[in-house]
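Computed over heavy atoms, backbone and side chain alike; hydrogens, waters and symmetry mates excluded. Both counts, for ligands and for their atoms, begin at 1 and track the order of listing.
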Amino acid sequence: MRYIAITGGVISGLGKGTITSSLSHLLVNSGFRVTAVKIDPYLNYDAGTMNPYQHGEVFVLDDGSEVDLDLGNYERFIDKSLTGDNNITTGKIYKEVIEKERRGEFLGNTVQIIPNVTNEIKRKIRKVALKDNNDIVLIEVGGTVGDIESMPFLEALREMKREEGENNFMFCHVTLIPEIGSSMEQKTKPTQHSVSALRSIGIQPDIIFARSKFPLSVESRKKISLFTDVPEEGVISINDVPNVYFLPGIMYQQGIVSFIVTRLKMQNGSFQDVWEEMKKNLEYPRDNVKIALVGKYTELKDAYMSHKEAFIHVTGKTGIGVEIKWINSDSLKTSTDSLKEVSGILVPGGFGYRGVEGKIEAIRYARENRMPFLGICLGFQAAVIEFSRNVLGLKNANSSEFHPETNDPVIDLLPEQEGIKDLGGTMRLGAKKVIINSDTLASRIYGKNEIYERHRHRYEVNPKYIGRLEEAGIVFSGRDEEGIRMEILELADRENFIATQYHSEFKSRPLSPSPVHVHLVLSAQKYKESSKA
Ligand code: GLN
């Protein structure tokens with residue numbers, strides 16, 4: 001078993017997650033069995049109760065774990081589904097340690113950060129390593145070196161290197177190379193400081209990932225190598241790329257795979273670029289469409305990360321470029337004019353009432369103007385509310401999430417959610433089977449009658465209204481296994497209007513994009529052509 005730990009220095013937000021993902025991608029496609037672990041040093045047990053404004057989207061795995069969005073990147077780059085064990089938080093570690101203490105497992109001893117917390121960290125990492133017989137485990141440590149919160153994790157990794165042996169463990173450090181002045185001179189001092197902070201806790205990096213706007217100059221590389229004791233071949237330039245899927249290529253060209261293979265004394269694998277075709281389409285799309293993404297966190301694009309990525313996957317597959325027009329849903333309450341310039345509308349998931357009325361307006365616009373529409377989770381529920389109000393004439397139709405006293409709760413709490421008080425990890429979560437009716441738009445999109453998709457919700461279509469909705473033209477083309485939970489809706493007379501209770505974006509991968517996102521983009525292209533004519 002080999003381990004590669006990735007730490008960060010200087011500032012946060014340097015793209016450590018993308019670098020870790022890219023490295024995983026290169027190693028997987030060089031023939032190794034690879035998995036990746038994200039360490040989040042915060043005290044939250046998981047990302048489930050965190051506000052998208054602070055940490056971006058909450059990503060959901062097959063097993064129902066609510067995790068950091070970096071796990072989404074790992075899955076997309078490794079092309080493998082991970083589990084909740086791949087996301088370690090301080091909260092998970094402490095909970096386990098305290099539970100053990102209560103059970104008396106440390107009887108007679110004082111429980112301490114070193115060794116009790118650090119041992120638990122190492123145990124959790126090794127547990128992931130052993131699962132599926134991996135060759136290499138990448139461990140990304142969130143935060144920057146020097147943070148109080150990440151200290152126990154760095155200490156655990158330092159200990160692990162000694163225990164696993166020099167040949168089986170390496171450290172990579174991600175730093176920033178600012179470029180300043182009119183000459184855009186690259187400055188290596190922050191890197192020097194950051195590496196000395198790392199050394200002061202006993203960690204010597206084997207690789208430096210130098211994040212800069214432009215490729216690292218020969219002098220910068222030499223200087224970094226000299227001051228950090230990392231050989232020049234181990235100093236890797238991470239310069240700006242048009243999108244993240246180009247990063248593995250840039251790293252590969254600098255010889256990173258052979259550097260790692262030599263350092264960890266592994267059998268050399270040869271890298272196969274499975275993204276070649278995709279990257280051509282991304283670079284030279286044959287057409288372009290504009291899609292509106294109507295949400296309430298539109299200033300923070302990371303809140304909709306998986307949708308953004310799903311559209312890139314669609315372009316990679318179809319050659320149709322997607323320009324996302326970010327529309328703050330509240331703005332649609334006064335005017336829907338901003339929707340005139342797009343050819344398709346996506347209403348993604350969400351919680352709470354703010355922004356919902358604007359989303360309903362967007363759906364009304366899509367339905368009345370026959371504009372392509374895709375609704376996801378809350379977008380699915382909002383489509384039911386819109387239809388109930390404007391087609392069935394139930395003026396007060398609403399979700400009991402937003403209006404608990406409404407006389408027409410067309411969206412209502414899932415029965416099993418009744419009485420649940422805790423908010424962490426208690427929704428209907430994770431991969432569940434969806435049965436698709438034949439002869440429906442959904443069956444044409446998916447080409448099969450059974451799919452597994454990831455969920456994250458507390459509310460559903462109220463079974464009492466299904467009959468009336470269907471009579472008026474909604475087709476519930478997908479249901480859960482028991483047939484009682486509505487999963488997909490479409491309109492009887494439309495080929496470009498579909499919404500899903502599940503989050504199709506979470507399973508979108510570069511080579512197998514989310515089928516409903518593909519359909520939205522293809523429909524948008526048709527719509528654009530027909531409105532030109
Ligand atoms: N708030 C809605 C629910 O809990 C939708 C959730 C979502 O969009 N993820 O059911």
Side-chain angles (χ1 to χ4, degrees), residues 46-53 55-62 64-67 69 72 293-298 300 302-307 310 329 345-360 362-363 373-386 388 397-404 406 409-432 434 453-463 465 476 478-480 484-489 498-508 514 516-517:
D46 62 27
T49 58
M50 289 202 220
N51 186 323
Y53 271 127
H55 287 272
E57 162 189 281
V58 176
F59 194 78
V60 181
L61 303 174
D62 278 345
S65 303
E66 299 170 282
V67 293
L69 52 73
L293 190 150
V294 180
K296 67 171 170 182
Y297 299 114
T298 43
L300 186 84
D302 273 2
Y304 303 106
M305 164 94 102
S306 294
H307 286 292
S329 51
I345 297 174
L346 167 69
V347 178
F351 294 84
Y353 187 51
R354 188 172 72 78
V356 170
E357 292 300 330
K359 291 177 183 173
I360 292 174
I363 297 166
F373 167 73
L374 171 61
I376 301 279
C377 207
L378 178 64
F380 166 91
Q381 299 174 356
V384 172
I385 299 172
E386 191 281 325
S388 306
N398 216 327
S399 164
S400 45
E401 178 181 5
F402 313 134
H403 192 305
T406 177
V410 291
I411 303 295
D412 203 6
L413 199 63
L414 286 156
E416 67 268 28
Q417 290 283 325
E418 221 93 47
I420 290 183
K421 294 239 157 44
D422 283 359
L423 294 182
T426 55
M427 284 187 246
R428 179 170 183 248
L429 287 165
K432 316 235 177 269
V434 175
E453 291 284 347
R454 297 181 183 174
H455 295 73
R456 183 171 187 248
H457 65 124
R458 274 184 223 288
Y459 294 81
E460 64 162 343
V461 180
N462 186 339
Y465 290 86
F476 288 108
R479 292 167 198 241
D480 74 332
I484 47 175
R485 217 127 276 164
M486 300 304 107
E487 292 277 9
I488 310 178
L489 73 77
I498 191 160
T500 68
Q501 181 62 76
Y502 54 82
H503 289 267
S504 165
E505 73 276 20
F506 289 145
K507 278 180 58 175
S508 189
S514 149
V516 284
H517 287 73

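Here Asp62 pairs with Arg454 under the salt bridge (charged side-chain N to carboxylate O under 4.0 Å, His left out) rule; sequence neighbours left out. With sequence neighbours excluded, no residue forms a salt bridge (charged side-chain N to carboxylate O under 4.0 Å, His left out) with Glu57.
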Quiz: residues 414-422 side-chain donor-acceptor pairs under 3.5 angstrom, not counting sequence neighbours:
residue : atom : partner : partner atom : Å
Glu416  : OE2  : Arg485  : NH1          : 3.3
Gln417  : OE1  : Arg458  : NH1          : 3.2
Gln417  : NE2  : Thr426  : O            : 2.8

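For Ser508 and Ser514, the side-chain atoms include no donor-acceptor pair closer than 3.5 Å. Side chains of His307 and His517: a donor-acceptor N/O pair is present below 3.5 angstrom, by distance only.
Put simply, CZ on Phe373 and CG on Leu346 are 8.0 Å apart, with the number rounded to the nearest 0.5 Å.
Closer than 4.0 angstrom to ligand 1 lie heavy atoms from Gly349, Gly350, Phe351, Cys377, Leu378, Gln381, Glu401, Arg456, His457, Arg458, Tyr459, His503.
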